[in-house]
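Worksheet: the structure to be examined is printed underneath.
The sequence lines fix the lettering, A, B, ..., with proteins before strands; numbering per chain opens at 1. These numbers come from a predicted model, not from an experiment.
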2 protein chains.
Amino acid sequence: MPRSGGHISAAPPTLADVAELAGVSRQTVSNAVNNPDLLRADTLARVQDAIDKLGYQPNRAARSLRTRASHLIGLRMPALQEGTANAMMDRFVHTFVEAAAETGYHVLLFYGDPADPLDGYDELLRSTAVDAFVVTDTHLGGQQTTWLQSRRARFVSFGRPWTQPDAKHPWVDVDLAYGAEIATEHLIERGHSKIAWIGWHKDSLLGEERRSGWTHAMHTHGLSTTGLASRTEDSISSGKAAADAILDETEPTALVCASDTLAMGVLHSLFERRLRLGEDIAVVGFDDSQVAQTVPPGITSVRPPLEEAARELVKALEELLATPSYAAPGVMLKPVLTVRGSS
Amino acid sequence: MPRSGGHISAAPPTLADVAELAGVSRQTVSNAVNNPDLLRADTLARVQDAIDKLGYQPNRAARSLRTRASHLIGLRMPALQEGTANAMMDRFVHTFVEAAAETGYHVLLFYGDPADPLDGYDELLRSTAVDAFVVTDTHLGGQQTTWLQSRRARFVSFGRPWTQPDAKHPWVDVDLAYGAEIATEHLIERGHSKIAWIGWHKDSLLGEERRSGWTHAMHTHGLSTTGLASRTEDSISSGKAAADAILDETEPTALVCASDTLAMGVLHSLFERRLRLGEDIAVVGFDDSQVAQTVPPGITSVRPPLEEAARELVKALEELLATPSYAAPGVMLKPVLTVRGSS
DNA sequence: ACCATGTCTTGGAACGATCCAGAGTTCTAC
DNA sequence: GTAGAACTCTGGATCGTTCCAAGACATGGT
C-alpha cells in the first residue's frame, strides 16, 4: 500500500511524496536539495514549494547510508572531577557544539570507562556512527591518537601531540607557557619580585610547560627562582599544603598557580592564616574557571581562548572531511590574562 | 564488482561478509546479533567466530533506516552562563551521558539559539535523527514541551511541567522546597534563629518554590521571617547588594541563598566587611557547584541527586520508546545537604 | 529538415541492515 | 513409519536516499 497523504499521516514525508506533489521525479527533488543549480528556476521554485508545504527534511539514516557520512562528530565525555575547579572542558564542549552547528555538524557525546582511554571509540568507528572524532586529553599520552591513526579514523585533537612530535593529524592547542609568562609579568609589573610557583609534578608535561613560562619571565627580569617553586598534585588539599610550606619558608608576596584548583588550595591556606587575598598577597590561577570568576575578590586567571580553539578545530575538521589526505599544521593559540581582585 | 575481502579492505565488513565467511545466510547473521536464541548453539558459535574475526559491527545508518530507531537521544546544549556558579547542567549532562550509555543510547548534543527555546528541535525531528529528546528548562514555560507534544515527538523532561499540571510526558525533578527546608533546619539546629533568605524575583517559579521551604521551616520552629527575605536577580552583584542591605538592616546570623551564585554574592559582601564565613556568619547555597565545593572553608549547599535523576530519566525513556503510549507518573527526588565550613 | 550540443529530467540500482513468508530439517507421538 | 509440530535457516522485498547512465527536450548551426 502506498504511503497516504504525507502531510496528514504521522510518518514524515519522503522524497517520493515531494516528487509526487511537485510533479517531478525523485532525483529532481534530490537535486533541488543538494545541487539547486542543476534545476531550471521555475522547476526549483515548484519543488521548493512542495518541500515547504510538506515540511520535508531528508531522512538522516537513509542519506547517511548512501553517502557514508553521518555529519556527526564524536566527542568522548571528559571525566567529571568533583572537588576541583576544573571546568575548562565543559566550556570547551559548549563552544565546540556551537561552532560545529554552524557548519551543519552535530556532536555525538559518548561515554568511555575512565580507566581505559580507548573505550568507546571502537564501537562508533566500526558502526560508522560518526564522521570524525575530537580527542581531548593528549597530554595523557598518545594512546588515543596512535590507535585512531592505526584504524585510519579521522580525527582532530584539542591538545598538541605531546609525545609524538611528528604526528600528522590536525591539532589546536593553547600556549600555556606563554600564559604563565604573562601571568608572572603581570605580577612583576605590579611590583612583586618574590613570586612563587605552585605547580604539578615533574612527570606532567602540561605542568612543566607552564612552569617554564614562570621560570622564563623571572629570569628575564633578573629575578631568582630559588626556593620559590613547588610541585604537587592537582588538588585543593595539596595546593593548600604547598602554599603552607612555601609561605612559611620563603615568604613570597605573590603566587602563580598551575591551575585554578591549586589556586583554591592557596586560598584555603590564606583563609586559615587570615591573610587577605589581593591585599596581603597576590594569586594568579589558570583556566579562568567559574570559581576564579566568582570567588571574592575574583582570581586573576589565564584564560584559554576556547571559542577560537573550537572554531579552528571545526575548520580543520571540515578540511579533513573534504580531503582525506589533509595534513594541517598545528595551531597554537595564545591565552589572555583576565585580571581580577586577587592581584 | 563484489566487495573484496572485507578483513583486508579498508571498508568495514558487512553482514554479507560475515555470512559468507560463516557459510550461512545474511538473515542468520542478523539473528545471531539480535535474537541469538533463535539459532542452534553450534551455528551461533560459528557466526560469532566470523563476527569476531572480521570485527563486524552493524552499520548504524542501515539499521536505523530499517528499524526507524537511531538510538540517539537529543539534548539541547544549555546556555553557558559566565560569571555565575551555575554548573548544575554540566553535571547533569555528564551523568546523563553515562546513564544513557548503559542502555546503549548515545547523546546527540545540539545547539539552539538561546533567544528561541524551540530552535534546533524541528530539524532533528523531521530528519528522524533522534529517537527522543531530553528537555531541561521547563521552568521557563511550557513552550518546548507543548510544541514537542503537538509534533508527537517523544521526550522526557528534567524539571516538572510547571505551567501544565496535567501534562502527560514523563518527568523527573528535584524537590528544592524540601532542599530549602533542610538547609534552614540545619541552621536552626546549629543554633541560629535569625535566618535570612536571599532569593529570586516573585515571578520565578523555581524561586518561589525554594522560598516556601525556608518559610515553612521557619514557621514550623516558631521563628519570624519578617524583614528577613529579599528577592533579586540571579547574579553575583545583586546577591552582594541584597546581602549588604539585609546585613545592615536586620543583622541575621545566617543566610540561605536560592543559588550558589547568590551565595557568592554574599561572600563578596562579607569579604568587603571583613566578616569570616562560617565563624561570624553562616551561609548555605544551592546546587553544590564546584564553587561551593572549593571556596574556603567550603559552602554548605543543597545537592540535587543528579545521578539518580539521570538514571530515572533513562528508565523513563526506555519505557517510552518501548511503548509509545507510555504515560509515566512524574518522579520527584529529594536533595541532600552537603555540610561544609560555611555553616 | 537534419544533426550536434547542451540542459533538464528520468527510472533503475545501490548503500547495509531488518522484516516477512516460506522451505528445509529435526523431533515427538501415535 | 508417518503426520504434525517445533525448530532452523533462507531468499526476496523493503526502508529513503543518492549515484548512474541514459532518455527527452529545446536550441542553434548548416
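Taking every side-chain heavy atom of L39(B) into account, dC9(D) is the closest of dC9(D), dT18(D), dC20(C). Side-chain proximity of Q27(A) to dC19(D), dA17(C), dT17(D): nearest is dC19(D). Candidate nucleotides dG16(D), dT18(D), dA17(C) were compared by shortest atom distance to the side chain of L65(A), and dG16(D) ranks first.
When rounded to the nearest whole Å, the span between CD of Q57(A) and P of dT17(D) equals 10 Å. If you measure from atom CG of D17(A) to atom C1' of dT17(D), you get 13 Å, rounded to the nearest angstrom. Distance, R66(B) CZ to dC15(D) C1': 5 Å, rounded to whole Å. The separation between L38(A) atom CG and dG6(C) atom P is 16 Å, rounded to whole Å. The distance between atom CZ of R60(A) and atom C1' of dA17(C), rounded to the nearest whole Å, is 19 Å. Per the geometry, CG belonging to L54(B) stands 15 Å off C1' belonging to dG16(C), to the nearest Å. Distance CZ (R26(A)) to C1' (dA13(C)): 10 Å, rounded to an integer number of Å. Taking atom CZ on R68(B) and atom P on dT17(D), their separation rounds to 10 Å, with Å as the unit.
Between T67(A) and dC19(D), a side-chain N or O to OP1/OP2 separation shorter than 4.0 Å is absent. Phosphate contact (OP1/OP2 of dC8(C), side-chain N/O of T28(A), threshold under 4.0 Å): absent. In terms of phosphate contacts, S25(A) brings no side-chain nitrogen or oxygen within less than 4.0 Å of OP1 or OP2 of dT9(C). The side chain of T14(B) places no N or O atom within less than 4.0 Å of a non-bridging phosphate oxygen (OP1 or OP2) of dC15(C). Under 4.0 angstrom from either OP1 or OP2 of dT18(D) there lies at least one side-chain N or O belonging to R63(A). Distances shorter than 4.0 Å separate none of the side-chain N or O atoms of N31(A) from OP1 or OP2 on dC8(C). For the OP1/OP2 pair of dT8(D) and a distance below 4.0 Å, the side-chain nitrogens and oxygens of R40(B) include no atom meeting the criterion.
Using a 30° and 60° split on the angle between ring planes, H71(A) and Y105(A) fall in the parallel class, below 30°. Ring geometry for F158(A) against F92(A) counts as parallel: the plane angle stays under 30°, on a 0 to 90° scale with 60° as the upper cut.
A distance of 12.0 Å separates CZ of F96(B) from CE of M89(B), quoted to the nearest 0.5 Å.
Between S30(A) and D37(B), the residue anchored closer to the 5' end of DNA chain D is D37(B), taking for each the nucleotide with the nearest heavy atom.
For the pair R68(A)/T128(A), no side-chain contact is recorded, criterion being any heavy-atom separation below 4.5 Å from C-beta on.
Counted within 6.0 Å of CD on E20(B), heavy atoms from surrounding residues, nucleotides or ligands total 12 or fewer; the atom is thus considered open.
When heavy atoms are screened at a 4.0 angstrom cut-off, S64(A) is found touching no nucleic acid atom at all.
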